[in-house]
Amino acid sequence: MVATAMQSVRTVLRRPYAHLAGLAITVLVVQQFVESSSSLFLVQLMALYALAALGLNIILGMAGLLSVAQAAVMALGGYTAGLLMIKAQLPFVVALLVAGAASAVLSAFVGLAALRISSHYFILVTLAVAEALSLLLINEEDLTGGYNGIGGIPPLVIGGLDLSSPLALAVVAIVTLFIGWYVADALAASRSGHGIHAGGADPQLAMASGINVARLRFGASVTGGVYAGVAGALYAETLLYLGPGDFSLGKALLILLIVVIGGMGSNAGTVAAAVILVYLSEGLLRLTTVGPLVYGLGIMVILVIAPNGLDGVARRLRRAFGRILERRVAR
Amino acid sequence: MDLLAPQAVLSGIAAGSVYGLVGVGFSVSFRTTGVINIATGDLVAMGAYLTFWGLSVGLPLPVAIVVAALIVGLGMGIVERLALRPLYRFGTVYAIMSTIGLSVALQSLIQLVWGPVALVIPRLVPGEAFTILGFRLSLAQIFNLVLALVLILGMVLLLERTKIGRGMQTVARDRELASLLGIRPSQLFFLAFALAGVLAAVAGALIGPDQGLTPTMGLPLGIAGFTAAVIGGLGSPLGALAGGMVLAVAQNLAVLYLTPDYKAALAYGLLVLVLLVRPQGLFGEAGALARRV
Amino acid sequence: MSPDPDAAVRVRGVRVLFGGVAALDRIDLDVVEGEVFVLVGPNGSGKTTLLNAVSGFVPLAEGSVELFGEDVTRRRAHQRADRGIGRTFQSPRALQSARVTDLLSFGLYRHDPRSWAGEVFRPLRALRLDRQVDERFRTVLDTVGLPDELLHEELGSLSHGQMKMVDIARALLGEPRVLLLDEPTSGLNQGEIDKLHEIVQGLRTGGCTPVLVEHNVQFVVDLADRIAVLHQGELLALGEPRATLSRDEVVEAYLGPKGRLAHRDGGHQAETRN
Ligand SMILES: Nc1ncnc2c1ncn2[C@@H]1O[C@H](COP(=O)(O)OP(=O)(O)O)[C@@H](O)[C@H]1O
Ligand SMILES: [Mg+2]
C-alpha cells in the first residue's frame with residue numbers, strides 16, 4: 001500500500017510536471033515578494049550559480065571527474081558573449097550561442113584529458129587550465145581589459161523585447177535554470193546518464209557492462225561546460241561589467257561547494273545548495289574577513305559529517321518517514 | 001659567446017631543486033594514499049610564514065626552519081587523520097575535495113594572521129652572486145641545491161631501505177597484500193602526509209627569501225610541485241627532482257626568449273601537456289600509474 | 001586439445017605478465033557453447049587473471065582470445081561486453097550511496113530504451129518506459145531470489161550475499177552470451193548457494209554459457225560439465241569434474257605431496273583451502 005502510494009507520488013513529482021510547477025511557483029514568489037533590486041540581483045546570482053553548478057554536477061557528481069575549471073568555463077562564456085555584443089554588436093541570442101559553443105570547445109579540451117588519464121589526474125588538468133585562463137584574462141589587456149575587465153555590455157534585449165529590468169533578468173535566469181534542470185534530470189534518467197554515473201561510480205564495473213567510459217566522460221565534460229557557458233553569458237547581462245575577479249578560483253570553489261553540499265549527483269540538492277550558499281557568500285561571508293576561512297573549513301567539516309550533502313540528509317529523512325508510515329499502516 | 005642561455009639553465013637547476021622538493025612530498029603522499037593534495041602549495045607557504053614567526057619570537061634561523069617544518073608536518077598528519085581518512089571509503093575524490101578546503105582555509109588563515117603585505121625572511125647562507133667561469137652563482141643557490149638533494153636522497157633511502165618505506169610502497173600498490181604482511185596502513189597514511197608537510201615547509205623556507213612571503217604564494221608553487229612530480233612520473237623522488245629542474249629551466253628560458261607575463265603559465269602548460277601526451281611522465285616507466293580507462 | 005568450431009570462448013597461448021612474473025603462462029582452452037565451465041585452482045593461481053584476460057581487463061603479453069569465432073584480443077573491455085561477454089567481480093564493488101536501481105541500470109545499458117532525447121522531448125513516453133524498465137528489474141531480482149522492495153535501497157545497506165546477487169542480476173540484464181562469474185558462492189549462505197545453482201542451470205537453458213571460478217568443490221562437481229585446474233599460472237588439468245579433481249597432480253597442487261599421501265590413504269575428496 002505504502003509502495004503504491006509512493007509510486008503515484010513519484011509519478012506526479014516527475015518530469016515535466018514538477019519542473020513546470022516549480023518554475024511557476026518560483027516566478028510567482030519572486031514577482032510577489034522580492035522587490036528591492038538588490039534582492040532581485042541576489043536571485044539572479046542564485047539562479048546562475050545553480051545553473052553552473054548543475055553543469056558541474058554532471059561532471060563531478062555523475063562522471064566523478066573533479067573539476068575546478070567550471071568558473072573558468074563560465075568566464076569564457078561571459079567574456080565571449082560580452083565581447084561579441086560590445087565589439088561586434090551581435091544580438092544577445094547569437095552571442096549566447098557562440099558563448100555556449102566556446103565553452104563546449106574548452107571543456108572538450110579539458111575532457112580530452114579525461115580520455116587519456118586516470119580520473120585522479122583530472123583535477124590537475126582543470127587547475128592548470130583555470131589558472132592559465134585567468135592569466136590570459138589579466139595579461140591580454142587589449143582584448144579583455146586586464147584587471148579592469150570589460151564594461152559597457154549592452155543590456156538584455158531578446159527579439160526586440162527589453163528584458164533589462166531586475167525583475168525581467170531574474171525571470172530569464174530562473175526560466176533558464178529550470179530548463180537546464182529539466183534537461184539534467186532527463187539526462188540522469190536516461191541511458192547515457194546511467195552510463196556516465198556508472199563510469200563515475202566504478203569504471204571497471206561500467207566497462208564490464210558494455211559502457212564506453214572514456215567517451216561518456218568526454219561527453220559529460222562537454223555537456224557540463226555548456227551549462228557554465230550559458231550561465232556565464234547571462235552573468236554578463238546581469239552585471240553588464242566583467243572582471244577577472246568574477247571568475248577567480250574562489251568562484252570555482254563556490255560552485256564546487258554547492259555540488260558537495262547539495263549531494264554529489266543530486267540536481268535538486270544542487271539547486272537548493274546554490275540558493276543557500278549564494279545567500280551566505282554574498283551576504284554573511286562577504287562582510288567578514290573570516291569568510292574564506294569558514295568556507296575552507298566548512299568544506300572539510302561537511303564532507304566528514306555529511307558526505308552526501310543535503311541529498312543524503314533528505315534520503316535519510318525520507319527513509320525514517322517511510323518507516324513511521326509503514327508502522328502506522330501496519331497497525 | 002652568448003652566456004645568457006647557459007646561465008638561465010644553471011640558475012634554473014638551482015631553483016628547480018626546490019620545486020623538486022615540493023614535488024617529492026606531494027608524490028609520496030599521492031603514492032601512498034591515492035589522494036592529490038591540492039593544499040601542497042599552501043603547506044609551502046605555511047612553512048615560510050612559520051619560519052618568519054619563529055624568527056620573530058627570537059629563534060635562530062636554522063631552528064626556526066626546523067620548528068616550522070615540524071609544525072607543518074605534524075599539522076598535515078593530523079589533518080589527514082581528521083579530515084581525509086574518514087573519506088577514503090567514498091573514493092579519493094572526496095578526500096581531494098577536502099584538501100581543496102584545506103587550501104582555502106590555510107590561505108585565509110595566513111591572510112588573517114600576517115596580513116596581505118609581503119614579508120621577508122633572511123637566507124640561511126649569503127645570496128650575493130659571484131662569478132665563476134663566466135657564470136653568476138650564489139652560495140644560496142648551491143646550498144639550496146645541496147640541501148634539496150640531501151633531503152631527496154634521504155627520501156629515497158627511507159622508501160627503499162626501511163621497513164616503513166617499503167610498507168608505503170606496498171600499501172600504494174595493494175592494500176590487501178599490505179594488511180596480510182602486517183603493515184598498518186593508518187600509520188603510513190599519517191606518516192606520508194606528515195613527510196609531505198615537512199618537505200613542503202622546508203621548500204617554503206628556502207624559496208621565501210627569493211620571492212617574498214604573500215598569502216597567495218602557495219598555489220603557483222604547488223602547481224610547480226605537481227608539475228615536477230608529474231614530469232618525473234609521480235613515483236621516484238629523483239624523477240621529481242629532475243622534473244623540477246626541467247620546469248625551472250624551461251621557465252627561465254621562456255622569460256629570456258618569450259615573455260615574462262606567462263612564466264607561471266608555462267608550468268600549467270607543461271603539466272597539461274605531459275598529462276595529455278605522456279601521462280607516465282618523462283622519466284616514469286610506462287603503465288606504472290597512469291592507466292587508460 | 002582438438003579445435004572446436006563452436007567455441008564460445010577460445011583462449012590460445014595466453015600469457016599475462018605482472019612486473020615480469022607470469023600470472024598466466026601459455027594457456028590454451030576452449031569453452032564450448034552451452035556447457036558449464038568451471039575454473040578451479042589454489043589462491044593466486046591465476047583464475048581471476050584468466051577471467052580478466054578473457055573480458056579485456058588485463059593486457060596480454062602473448063596469445064589471443066576469440067569470442068564466437070571473432071578475434072577480440074585487441075578489443076577493449078566494453079567492446080567485448082558488447083560482443084556478449086558478461087562478468088561479475090570477486091568482491092562486491094564499493095558503491096556506497098548508489099541504489100539498487102542504479103546498479104541495475106548500469107547492467108541494462110546495452111538494452112536501455114531510455115534515450116536522453118526521448119527523456120527530454122517525450123516525457124510521457126518516458127514514463128511508460130520507466131514502468132517497463134521497473135518491471136524488468138523486478139523480474140530480474142526475482143530471478144536471483146531477491147525481494148523487489150530492495151529496488152530503492154542503497155547498496156551500502158545490503159548484506160554481502162545480497163550485494164553479490166544484485167551484481168549477478170546486473171550482469172544478467174546485459175543478456176550476455178557468456179557469463180563469467182568470479183567466486184560467486186564466496187560469502188553466500190546455503191539458501192543463496194542453492195539459488196545460485198538454480199540460476200546457473202537456468203542460464204544454460206536460456207542460451208548463455210556460464211564460466212565459473214569457484215572454490216567450493218561440492219558446489220562445482222555436479223554442476224560443471226568440465227573443469228579446468230590452474231596452478232601457478234599454468235593449466236594443470238582439464239576434463240570431466242570428478243576424474244579431473246582426483247588426479248594426482250591436482251591433489252598435489254592443492255594439498256602438497258603430503259596431502260597426496262593423505263588423500264591416497266583416506267580416499268576422501270580434494271577439498272580446496274581458501
Ligand atoms: N594487478 C596485479 N598486479 C600485480 N600482480 C597481480 C595483479 N593481479 C594479480 N596479480 C598476481 O597474479 C597472480 C594470480 O592472481 P589471481 O588471478 O588473482 O589469482 P586467483 O584469482 O586464482 O586467486 C597472483 O600471484 C597475484 O598476486
Ligand atoms: Mg581470484
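Labels below follow one simple rule: chain letters A, B, ... track the order of the sequence lines, proteins then strands, and each chain is numbered from 1. A quick note: this is a predicted structure, and the numbers were derived from the prediction, not measured.
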Side chain, backbone, both or neither: which part of [X] has a heavy atom under 4.5 Å from chain A?
{"X": "B:Val79", "value": "side chain"}
{"X": "B:Leu109", "value": "both"}
{"X": "B:Leu106", "value": "neither"}
{"X": "B:Leu82", "value": "backbone"}
{"X": "B:Phe226", "value": "side chain"}
{"X": "B:Leu102", "value": "both"}

Counting heavy atoms not belonging to A:Arg215, are there more than 12 under 6.0 Å from its CZ?
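No, not enclosed.
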
Any chance CZ of B:Arg81 has more than 12 other-residue heavy atoms, nucleotides or ligands included, within less than 6.0 Å?
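For B:Arg81, atom CZ is crowded (more than 12 foreign heavy atoms under 6.0 Å).
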
Less than 4.5 Å to any heavy atom of chain B: does that hold for the side chain of [X], its backbone, both, or neither?
{"X": "A:Leu256", "answer": "side chain"}
{"X": "A:Asn212", "answer": "neither"}
{"X": "A:Val110", "answer": "neither"}

Is there a side-chain contact between B:Phe90 and A:Met264, using heavy atoms and a 4.5 Å cut-off?
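B:Phe90 vs A:Met264: side chains apart.
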
Would you say A:Leu135 and B:Tyr268 make side-chain contact, with heavy atoms under 4.5 Å?
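Result yes, sub-4.5 Å side-chain heavy-atom pair found.
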
Among A:Leu303, A:Leu253, A:Val260, A:Leu257, which residue meets the side chain to side chain contact (heavy atoms under 4.5 Å, CB included) test with B:Ile100?
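Exactly one pass, corresponding to A:Leu253.
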
Options A:Ile138, A:Val129, A:Asn139, ranked by heavy-atom pairs under 4.5 Å with chain B, top entry
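When all of A:Ile138, A:Val129, A:Asn139 are compared, A:Asn139 has the most.
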
Under a 4.5 Å heavy-atom cutoff, which of B:Leu271, B:Ile36, B:Ile96 has the most pairs with chain A?
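Heavy-atom pairs under 4.5 Å are most numerous for B:Ile36.
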
